[in-house]
Amino acid sequence: ETIIRVENFTAAYGNTVIIDDIDFTVQRGEIFVILGGSGCGKSTLLKHMIGLYKPATGHIYIEDQDISTASGRTRQKLLSRIGVMYQSGALFGSMTLLQNVRLPLEEFTNLPDEAMDLICRMKLSLVGLAGTEGRMPSELSGGMQKRAAIARAMALDPPILFLDEPSAGLDPVTSAEIDRLILDLRASLGMTFVIVTHELASIYTVADRIIMLDKTTKKILAEGDPRTLRD
Ligand code: ADP
Ligand code: ADP
């Protein structure tokens, strides 16, 4: 079952085309990885997929809704169906983990305080951070901060999670632990993941399918299961 459909998609900043007329789909429950060298447009693609930018041409459908044209309540509803972990500034340093994880709940729901807090504790526990709700981000290791950022992205139980460079700044062991968490979450919750990374070890561990973007042609250079792709 197709959960994300990217059709005739072109991305440009002003007159500069970054991605030129590409197509791909992501299936429900898949761990889908976007690969490519620095500056090839991985972040640009991700930002379009989460509705931050509008395509120069083409469409991006999330669960059959065009994220670039949805507006008002439809757009809010659609945005609540995707969790995003940004590469930089993942957590607000002046807030506890609980306050960080609560943010999407405050933005998108009218739940009572206690219900929000309960959900936050559950999400922190789900990512292996039970009992840390009162801690500040600066008190945590890099790997724990990533886990907390993933917990926040999952606050609204989105079926799709977008992760921008989840291994950035992590040592290989910690990075492998994040990979394990991603696999566990997919196994237990059936979530769909779209991950931007250039960490080859992670790709072989987690990716069901990859697309590799090419900076020169601005097209998809390769697509498939990383374990069977050659060259
Ligand atoms: P990647 O994530 O693969 O490193 P990016 O999507 O960040 O690539 O960037 C692709 C290209 O688009 C780069 O040349 C970058 O400088 C340019 N770019 C990214 N964001 C903007 C922007 N907001 N305005 C203009 N150019 C941008
Ligand atoms: P990332 O790797 O997360 O895309 P970057 O360091 O490439 O981060 O970009 C940081 C910010 O600057 C992003 O919002 C990006 O869109 C913007 N940006 C990147 N390159 C350019 C550019 N050439 N012109 C204008 N904005 C840019």
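Ligands are counted one by one from 1 in listed order, and the atoms in each one are counted from 1 as well. Nothing here was measured: the structure is a model prediction, and the numbers come from that model.
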Atom indices of ligand 1 within 4.0 angstrom of [X] heavy atoms, with elements:
| X | answer |
| --- | --- |
| Gly37 | 3 (O) |
| Ser38 | 4 (O) |
| Lys42 | 1 (P), 2 (O), 3 (O), 4 (O), 6 (O), 8 (O) |
| Thr44 | 5 (P), 6 (O), 9 (O), 10 (C) |

Once salt bridge (charged side-chain N to carboxylate O under 4.0 Å, His left out) is applied, what residue pairs with a partner in residues 74-84 remain, sequence neighbours excluded? Glu63-Arg81
Heavy-atom closest contact (Gln76 atom, Phe108 atom, distance): O-CE2, 3.4 Å
So for Gly14, does at least one of its heavy atoms come nearer than 4.0 angstrom to any atom of ligand 1? no
So for Gly36, does at least one of its heavy atoms come nearer than 4.0 angstrom to any atom of ligand 1? no
For the rings on His59 and Phe9, is their centre-to-centre separation under 6.0 Å? no
Using distance alone, decide if ligand 1 has a nitrogen or oxygen within less than 3.5 Å of any nitrogen or oxygen in Ile18. no
Can Leu98 be reached from Met95 by stepping across I, L, V, M, F, W or Y side chains whose heavy atoms are under 4.5 Å apart? no
Can you give the donor-acceptor pairs under 3.5 Å from side chains of residues 189-196 to other protein atoms, not counting sequence neighbours?
unit_1	atom_1	unit_2	atom_2	d
Thr192	OG1	Gly29	N	2.8

Is it the case that more than 12 heavy atoms not belonging to Asn110 sit under 6.0 Å from its CG atom? no
